[in-house]
There are 2 protein chains.
Amino acid sequence: MSGILDGMRVVESSAFVAVPLAGMTLAQMGADVIRFDLPQGGMDYKRWPVTTSGESLFWAGMNKGKRSVALDVKCPRGREIAQEIICAPGEDAGLFITNLAAKGWTDYETLKARREDLCMVSLRGDRHGKPAVDYTVNPSLGFPMATGPEGSSDPVAHVLPAWDCIAGNMVVSGLLAAERARLRKGLGQFVDLTLKDAAAAMLGNLGIIGEVAVNGTDRAKAGNSLYGAYGQDFVCADGRRVMVIALTPRQWKNLMKVTGTEQDMGYLAARLGVDLMQEGVRWTYRAEITKVLAPWFSRRKVSEFSSDFDKGGVTWSQFRSFAQALREDPDLSTENPMFSEIEQPGIGRYRVPGSPFSFAGIAREAPRPAPQLGQHTEEVLADVAKLPEGEIGKLMDEGVAVQPRGDFRLAS
Amino acid sequence: MSGILDGMRVVESSAFVAVPLAGMTLAQMGADVIRFDLPQGGMDYKRWPVTTSGESLFWAGMNKGKRSVALDVKCPRGREIAQEIICAPGEDAGLFITNLAAKGWTDYETLKARREDLCMVSLRGDRHGKPAVDYTVNPSLGFPMATGPEGSSDPVAHVLPAWDCIAGNMVVSGLLAAERARLRKGLGQFVDLTLKDAAAAMLGNLGIIGEVAVNGTDRAKAGNSLYGAYGQDFVCADGRRVMVIALTPRQWKNLMKVTGTEQDMGYLAARLGVDLMQEGVRWTYRAEITKVLAPWFSRRKVSEFSSDFDKGGVTWSQFRSFAQALREDPDLSTENPMFSEIEQPGIGRYRVPGSPFSFAGIAREAPRPAPQLGQHTEEVLADVAKLPEGEIGKLMDEGVAVQPRGDFRLAS
């Protein structure tokens with residue numbers, strides 16, 4: 001490891017998307033991230049997608065490069081050891097992130113009694129303490145009712161757990177901000193964040209609250225159109241579908257130029273008596289613009305215009321299924337230095353992303369596989385919790401701490 | 001200001017979602033964030049939604065709490081001043097984020113010559129230097145083809161610019177990580193990130209690449225069902241639609257209990273010869289489970305079961321339009337301490353979110369309005385760029401630097 005966060009140690013108690021993603025982001029930046037789970041695995045240990053033999057591709061994806069400790073935190077000694085790991089000394093340690101209920105033995109005040117300068121980030125569902133997941137937060141805020149074909153009244157929920165991904169990255173920011181303050185003032189910190197607030201704030205940030213409160217309007221579905229300017233999907237002669245963007249004046253000019261529609265757009269603007277250089281005008285008259293452009297696309301295969309579009313500075317892309325994207329897009333292949341083929345124990349060899357960040361002067365690291373559950377129990381109990389060898393053996397015998405047998409057991 | 005990032009100064013050259021969001025996130029954590037724009041405003045200055053008088057609710061939403069400098073960076077002196085602001089001294093300054101082309105005068109090496117320990121984060125479209133926006137990245141990776149009603153072949157793009165929001169939060173993490181390393185080693189840093197890589201990595205993190213590469217399957221549309229376990233939308237007797245989640249064993253048990261469907265689910269499991277306690281089995285037989293539950297919901301109004309659901313530990317929510325959500329959901333009202341009614345010059349008084357983070361011991365700050373374009377030109381030129389008063393006057397006269405007249409002009 002030689003990442004930007006070298007030397008930092010973070011402990012994670014988590015499940016599903018947000019906090020596992022936060023931990024992995026930190027691990028892929030070079031931090032030593034220790035995730036602890038029950039000996040049978042956490043709630044996300046079998047999360048789909050899974051392989052035919054039931055190994056979770058999701059779990060493998062979300063826990064790359066971490067150390068895994070399997071501890072029975074349902075018994076007092078297991079909880080105590082977890083607290084020792086969380087609060088272990090070290091200038092760049094004492095950092096804890098969780099999206100499980102931060103109460104009882106993982107309550108901040110309880111942990112703080114063990115380490116005064118602990119920095120902890122707790123991600124909860126909502127501010128009332130009620131459970132909330134991406135699939136419930138999203139409908140409650142309105143996005144599905146504004147998604148999908150124009151005129152339809154059926155809500156369409158997104159498939160990407162977007163709010164989880166956003167909140168997970170916020171957990172990283174919150175932790176780094178808290179640790180920054182600790183470094184300057186020596187004080188620990190408790191950071192509280194809820195999935196619903198993270199999402200609700202974006203509703204305001206994007207101007208959607210203003211749209212309702214100030215303009216008195218409710219946004220209607222607009223298919224795949226780019227909101228507020230021009231951007232549209234077109235089906236081409238080869239049956240492929242492309243997305244074309246004219247958000248900025250330059251994008252609009254480039255699009256007209258490569259499709260040779262400048263004159264027709266001029267006629268259209270004259271007929272409507274409007275200035276299509278204005279983004280809001282393009283939005284209002286998007287159907288008319290689309291009528292001018294559609295025949296151009298329907299008569300051409302993507303291969304006939306793709307290089308002209310790239311050379312002509314058009315902002316565009318193709319719609320693809322996941323499998324098609326992996327087959328066709330070099331950015332999803334190992335041609336992209338972010339991706340490597342690695343061996344994930346239990347799953348096999350496949351294409352895995354490393355960190356999307358590139359820090360100058362720090363070589364991009366190939367992604368490290370996810371640990372086997374409990375793979376690092378012994379070493380963490382010895383090196384971090386500083387338990388004597390005899391006690392570790394006893395905990396293993398009692399099943400309080402578990403390490404998988406086989407290649408992963410440390411030589412001692 | 002008394003935020004967790006107190007004392008930090010960040011300069012932003014940006015447009016649209018990701019980097020403006022990053023800057024605002026930092027500003028709402030207490031950093032002094034200076035955004036500079038052309039005197040007529042950046043590419044996002046009129047971004048929709050807009051008020052009836054054309055003021056951008058989007059811009060107001062994305063730039064809260066920042067200082068705004070209006071500079072003509074198309075002329076050499078304007079560029080030089082911008083560089084002076086970016087590279088101005090200060091232990092906690094020398095931090096620059098941008099999603100505009102980081103070349104020429106905002107090239108890292110060029111700026112580094114002015115300030116050796118500059119930390120800069122550049123967010124680009126894709127790794128080839130081609131433009132990419134949320135609306136193009138998303139189709140190219142496959143999500144729209146997996147979104148929407150089961151059986152449909154029409155792609156449905158998300159309305160939330162999810163990749164932008166994710167990448168914006170990553171810009172914050174990247175900057176804080178770089179600054180952390182600078183504090184320890186005294187070295188500056190250039191952080192490179194692309195929108196497409198941020199998105200492509202999530203495709204792997206979520207296990208979707210494994211699904212294709214290892215299992216050889218391509219994910220099909222599944223309506224509003226929660227993928228891989230059980231979660232479904234139901235229309236109730238009052239016409240309202242709810243989302244109900246049974247991802248974990250506890251959520252599944254609670255759902256059966258409050259709907260009194262335990263026995264029927266037992267019959268169903270026996271008939272199918274499966275164990276519905278397994279999440280993957282619930283996913284496979286989701287249509288059958290839905291058939292058992294649908295009549296229960298269709299016979300009841302939401303008001304008849306909502307408090308039982310809450311008491312019974314069901315994870316659920318209601319589908320709402322944006323306007324309905326703002327009307328009905330207390331989490332979107334000023335009852336939620338994250339929201340305040342504030343006066344946004346040019347727009348009026350409305351409900352605005354502050355930071356979703358809560359840091360213990362630091363009082364939640366009410367959101368500060370977005371600046372008027374160029375509102376802080378004079379003070380930043382004087383206090384940060386350290387230009388003498390006479391020169392500032394000259395730059396104003398020449399139109400290189402612009403400050404709006406009226407209330408915002410500094411008394412001098």
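Convention: sequence-line order gives letters A, B, ...; per-chain numbering from 1.
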Counting only non-hydrogen atoms closer than 4.5 Å, does [X] touch chain A with its backbone (N, CA, C, O), its side chain (CB onward), both, or neither?
X        : result
B/Met170 : both
B/Ile209 : both
B/Arg47  : both
B/Thr25  : neither
B/Tyr108 : neither
B/Leu26  : neither
B/Met8   : both
B/Trp163 : side chain
B/Lys130 : side chain
B/Val191 : both
B/Leu206 : both
B/Met43  : both

Let me know if [X] has heavy atoms under 4.5 Å from chain B in its side chain, its backbone, both or neither.
X        : value
A/Ile166 : both
A/Thr248 : side chain
A/Pro161 : side chain
A/Met338 : side chain
A/Leu183 : side chain
A/Pro155 : both
A/Val242 : neither
A/Asn215 : side chain
A/Leu203 : side chain
A/Ala213 : side chain

When you measure from the side chain of [X] to the backbone N and O of [Y], does any donor-acceptor pair fall under 3.5 Å?
X        : Y        : answer
A/Tyr350 : B/Val212 : no
B/Asp192 : A/Ser358 : no
B/Asn224 : A/Ala157 : yes
B/Asp197 : A/Phe357 : no
B/Asn205 : A/Met62  : no
A/Gln318 : B/Pro139 : no

Taking every heavy-atom pair that is under 4.5 Å apart, which of [options] has the most such pairs with chain B?
options                      : answer
A/Gly174, A/Gly148, A/Ala162 : A/Gly174
A/Thr52, A/Val137, A/Leu21   : A/Leu21
A/Lys64, A/Gln344, A/Gln251  : A/Lys64
A/Pro131, A/Ser355, A/Ser140 : A/Ser140
A/Asp310, A/Asp126, A/Val17  : A/Asp310

Using the rule given for salt bridge (charged side-chain N to carboxylate O under 4.0 Å, His left out), can you reason through A/Lys196 versus B/Asp329, listing the C-alpha separation, both sets of side-chain angles and the distance that settles it, and then say yes or no?
CA-CA 11 Å; A/Lys196 187 155 184 199; B/Asp329 192 338; 2.5 Å; yes
Between [Y] and [X], is there a side-chain heavy-atom distance shorter than 4.5 Å?
X        : Y        : value
B/Lys221 : A/Val159 : no
A/Arg219 : B/Pro49  : yes
A/Arg320 : B/Leu141 : no
A/Asn336 : B/Arg127 : yes
A/Gln189 : B/Ile4   : yes
B/Tyr135 : A/Tyr227 : yes

Taking the six-membered ring for Trp, is the centroid-to-centroid distance between A/Phe322 and B/Phe143 below 6.0 Å?
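That pair passes the under 6.0 Å test.
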Might you confirm whether atom CZ of B/Arg250 has over 12 heavy atoms from other residues, nucleotides or ligands at distances under 6.0 Å?
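No, not enclosed.
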Look at B/Arg184 together with A/Glu179 and state whether they make a salt bridge at an N to O cut-off of under 4.0 Å.
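Yes, charged N to carboxylate O under 4.0 Å.
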Look at A/Arg180 together with B/Asp6 and state whether they make a salt bridge at an N to O cut-off of under 4.0 Å.
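Looking at B/Asp6 together with A/Arg180, the answer is no, because their closest N to O distance does not fall below 4.0 Å.
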